[in-house]
Amino acid sequence: MDLKRAHPEEPWLWRAEWAAGEIHSSARPVAIAVCALALFWNAIALPTAVPALLAHNLRYEPKFAGLAIFPIIGFGLIAWAIHLLLRWNAYGDSRFEMKSVPGKIDGTLEGSIHIGRGVEPMRPANLKLVCINYLSSGNNSTATPLWSDESQVTAGGDGSIPASFLIPPECKPSDDTNFHDRICWRLNAKSPGGVVSYKSSFEVPVFQIDETTAQAAEAVDLRTRRDQRVSEFRPQGSAIRFGLNPDGQTEIYFRAFRNPSITFVLLGFLAIWSCVTYLIFKEHAPLIFRIMWPVFEAIVVVWVISLMFGTTTVLIGDGPLKVTRHLLGIPASTRRVPACDVLDIRSIAGMTAGTTVYRPIQVRYGRGEKLNFGDGIEDPIEADWLATKIAETLGLTTAAAAQKTVA
């Protein structure tokens, strides 16, 4: 409360570690909590479930086989606790030292991760910065990623891991003033190697502030480096094909089943939902459930089919930009946008899974109209590269886009 009173207009100074520019992360509390949970679970489950399993012949009494899930969960908790203890023992605690406080919207977040017991120089690491909206109402709570970006880096000579991200202007700032609707920014770090991989997470401050001359120069430098990464990107093993078709038109083809992980998760959800639907009809639930539940299931079925068998083809030639969506090889919809009406092409935040925000390509044209396609691009660099290539094919430059927008 004293920090809030001292800095009423600077919420990034309300937390001591934010104000100091050093944010700490430790695997120890989680490891201890999981150990306690494993001991509690097994102290109850094993003496109860194991004797019951041994007392019955599961061949003739298969209904008791379900009791095996309790010791299986118990052993899983033990394995998880051992893994967390090994990670803490191998790496100790970590801290993220920010280059400047706070991270800036339409600017950068930069700093370095220092690991308690260190890692060897040049060790690869994956960093992800994600903006999450936490919503809670009653007993329900959700965590929805609004934006994310990733970078592949290597540890420096002192074992620290450098972090630098560009944050676009449309992002929301950190905000915990409303417990039921919070905006949180997290920097997640992973690095494979050793007996267990390194993993840590830091809640970082990101706000809309006026930048200094030094911060502006750093943002320009980081944008230049990112633009270079985009220009040097070469798709390898991509689910998207970019090239010329036999008619000489530029063709972008988004193949079916581009996101297996999302598809399998949705299939699992659909299986559970279908079981509930079966029980609703079997137990003669109220009419409203027998109507609405199958309707929602049908929507999910269509979604799964589109993920598994839906393709999109984009054609760019002498005429308009043409986007055709196919389902099971059958054209489902076609949109045409005159090339002369296109104002801007960019990748935007789309569907989410876990802490990953997948990106579609968005075409802005005419008087504020928008056309999105290709949802499900996981790599933000690939998404930006694809948007850039489409813009180049249309002959659209930044200057031309600015002139069209002003007009």
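Residue indices begin at 1 and follow the sequence shown. Here the structure is a predicted model, which means the values were calculated and not measured.
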**Asked** Just by distance, do the side chain of Ser25 and the backbone of Ser201 share a donor-acceptor pair under 3.5 Å?
**Response**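 Present.
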
**Message:** Restricting to non-hydrogen atoms, name the atom on Leu222 and the atom on Ser164 that form the minimum distance, rounded to 0.1 Å.
**Reply:**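 Reported closest heavy-atom pair: CD1-OG, 3.7 Å.
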
**Request:** Hey, can you tell me if Trp273 and Trp293 have their rings parallel, tilted or perpendicular (30° and 60° cut-offs)?
**Result:** parallel

**Asked** Mind checking whether Glu97 and Glu22 have side chains closer than 4.5 Å, heavy atoms only?
**Response**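 Yes, side chains in contact.
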
**Prompt:** Should we count CG of Asp158 as having more than 12 external heavy atoms under 6.0 Å?
**Reply:** yes

**Asked** With a cut-off of 6.0 Å (strictly less than), are more than 12 heavy atoms of other residues, nucleotides or ligands near CZ of Phe207?
**Response**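 Counting neighbours around CZ of Phe207, more than 12 heavy atoms of other residues, nucleotides or ligands fall under 6.0 Å, so yes.
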
**Item:** Side-chain donor/acceptor of Ser174 to backbone N/O of Val206, under 3.5 Å
**Value:** yes

**Prompt:** Would you say Cys131 and Ile183 make side-chain contact, with heavy atoms under 4.5 Å?
**Reply:** yes

**Prompt:** Is there a donor-acceptor pair under 3.5 Å between the side chain of Asp149 and the backbone N or O of Val130?
**Reply:**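 Checked: no pair found.
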
**Prompt:** Would you say the side chains of Thr144 and Asn133 form a donor-acceptor pair under 3.5 Å?
**Reply:**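 Thr144 vs Asn133: no donor-acceptor pair found between side chains.
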
**Prompt:** Do Tyr91 and Val196 pass the side-chain contact (heavy atoms from CB on, under 4.5 Å) test, and can you show the C-alpha distance, the side-chain angles, and the key distance before you say yes or no?
**Reply:** CA-CA 9 Å; Tyr91 302 105; Val196 291; 4.1 Å; yes

**Spacing of Lys4 atom NZ and Leu13 atom CG [to the nearest 0.5 Å]** = 13.0 Å

**Fill in**
Of all heavy-atom pairs linking Ala256 and Thr311, the shortest is N-CG2, 3.4 Å

**Request:** Run the numbers on Leu321 and Tyr365 for side-chain contact (heavy atoms from CB on, under 4.5 Å), then give the verdict.
**Result:** CA-CA 11 Å; Leu321 181 148; Tyr365 64 99; over 6 Å; no

**Request:** Please assess Arg364 against Gln362 for the test side-chain hydrogen bond (donor to acceptor under 3.5 Å, both in side chains), listing each intermediate value before the final yes or no.
**Result:** CA-CA 6 Å; Arg364 302 185 183 190; Gln362 182 177 88; 2.8 Å; yes

**Prompt:** Would you say the side-chain atoms of Trp18 pair up with the backbone N or O of Glu203, donor to acceptor, closer than 3.5 Å?
**Reply:**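 Yes.
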
**Prompt:** Once you round to the nearest 0.5 Å, how far does CZ of Arg229 lie from OG of Ser151?
**Reply:** 6.5 Å

**Prompt:** Side chains of Trp185 and Ile167: does their closest heavy-atom pair fall under 4.5 Å?
**Reply:**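 Yes - at least one pair of side-chain heavy atoms lies under 4.5 Å apart.
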
**Request:** Please step through side-chain hydrogen bond (donor to acceptor under 3.5 Å, both in side chains) for the pair Ser274 and Glu297, ending with a clear verdict.
**Result:** CA-CA 7 Å; Ser274 298; Glu297 182 173 357; 2.6 Å; yes

**Asked** Taking it one step at a time, do Asn126 and Glu150 satisfy side-chain hydrogen bond (donor to acceptor under 3.5 Å, both in side chains)?
**Response** CA-CA 7 Å; Asn126 174 266; Glu150 295 186 42; 3.1 Å; yes

**Request:** Might you point out which heavy atoms bring Val357 and Ser148 nearest each other, and give the distance in Å?
**Result:**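 In terms of heavy atoms, the two residues are closest at N-OG, 3.1 Å.
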
**Asked** About how many Å separate NE2 of His114 and CG of Asp93, when rounded to the nearest 0.5 Å?
**Response** 14.5 Å

**Message:** For Phe75, I'd like to know if atom CZ has over 12 heavy atoms of other residues, nucleotides or ligands within 6.0 Å.
**Reply:**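 No.
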
**Asked** To the nearest 0.5 Å, what is the distance between CG (Leu77) and CD1 (Ile72)?
**Response** 12.0 Å

**Item:** Nearest heavy-atom neighbours spanning Ala189 and Ile113
**Value:** CB-CD1, 3.7 Å

**Request:** Kindly check if the number of other-residue, nucleotide or ligand heavy atoms within 6.0 Å of CH2 (Trp14) is above 12?
**Result:** yes

**Asked** In Å and rounded to the nearest 0.5 Å, what is the OG to CD1 distance from Ser200 to Ile23?
**Response** 11.5 Å

**Request:** Without swapping roles, check the side chain of Asn259 against the backbone of Gly376 for a donor-acceptor pair under 3.5 Å.
**Result:**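 Yes, because the side chain of Asn259 sits within donor-acceptor range (under 3.5 Å) of the backbone of Gly376.
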
**Request:** Verify the neighbour count for atom NZ of Lys128: are there more than 12 heavy atoms of other residues, nucleotides or ligands below 6.0 Å?
**Result:** yes

**Request:** Give a yes or no answer on whether the side chain of Arg123 reaches the backbone of Ser191 with a donor-acceptor pair at less than 3.5 Å.
**Result:** yes

**Prompt:** Could you walk me through whether Ile240 and Trp385 pass the side-chain contact (heavy atoms from CB on, under 4.5 Å) check?
**Reply:** CA-CA 12 Å; Ile240 304 169; Trp385 172 84; over 6 Å; no

**Request:** Determine, step by step, whether Leu86 and His83 satisfy the side-chain contact (heavy atoms from CB on, under 4.5 Å) criterion, reporting the C-alpha distance in whole Å, the side-chain angles of both residues, the deciding distance to 0.1 Å, and the verdict.
**Result:** CA-CA 5 Å; Leu86 287 174; His83 179 80; 5.8 Å; no

**Request:** Could you check if a side-chain atom of Asp176 sits within less than 4.5 angstrom of a side-chain atom of Arg15, using non-hydrogen atoms only?
**Result:** yes

**Message:** Please check: side-chain N/O of Arg359 versus main-chain N/O of Asp379, any donor-acceptor pairing under 3.5 Å?
**Reply:** no

**Request:** Compare all side-chain heavy atoms of Lys389 with those of Thr250 and state whether any distance is below 4.5 angstrom.
**Result:** no

**Message:** Between Arg223 and Asp227, does any side-chain N to carboxylate O distance fall below 4.0 Å?
**Reply:**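 Judged by the 4.0 Å cut-off on N to carboxylate O distance, Arg223 and Asp227 do not form a salt bridge.
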
**Fill in**
For Leu127 and Ile161, the nearest pair of non-hydrogen atoms, with its separation, is CD2-CG2, 4.1 Å

**Message:** Are more than 12 heavy atoms, taken from residues, nucleotides or ligands other than Phe264, located less than 6.0 Å from that residue's CZ atom?
**Reply:**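 Open: at most 12 neighbouring heavy atoms sit under 6.0 Å from CZ of Phe264.
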
**Message:** Whether the side chain of Trp147 engages the backbone of Lys172 through a donor-acceptor N/O pair (distance < 3.5 Å, no angle test) should be reported.
**Reply:** no

**Request:** Kindly indicate, with the supporting measurements, whether the criterion side-chain hydrogen bond (donor to acceptor under 3.5 Å, both in side chains) is fulfilled by Tyr198 and Ser94.
**Result:** CA-CA 10 Å; Tyr198 170 73; Ser94 301; 2.7 Å; yes

**Request:** Side-chain contact test, heavy atoms from C-beta onward, threshold under 4.5 Å: evaluate it for Phe254 versus Asp375 and give yes or no.
**Result:**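 No, their side chains stay 4.5 Å or more apart.
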
**Message:** For Gln215, is there any backbone N or O sitting under 3.5 Å from a side-chain donor or acceptor partner on Thr212?
**Reply:** yes

**Request:** Measure the shortest side-chain to side-chain distance between Val337 and Val323 over non-hydrogen atoms and say whether it is less than 4.5 angstrom.
**Result:**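 No - every pair of side-chain heavy atoms lies 4.5 Å or more apart.
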
**Asked** Has the side chain of Arg255 got a donor or acceptor atom that lies under 3.5 Å from a matching backbone atom of Phe257?
**Response**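 Looks like yes, one N/O pair under 3.5 Å.
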
**Asked** Mind checking whether Trp88 and Val30 have side chains closer than 4.5 Å, heavy atoms only?
**Response** no

**Message:** Once rounded to the nearest 0.5 Å, what's the spacing between atom CG of Leu386 and atom OG of Ser238?
**Reply:**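 So the gap between those two atoms works out to 8.5 Å.
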
**Taking every non-hydrogen atom, the tightest pair across Asp210 and Lys104** =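 Distance-wise, the nearest heavy atoms are C-CE, 4.2 Å.
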
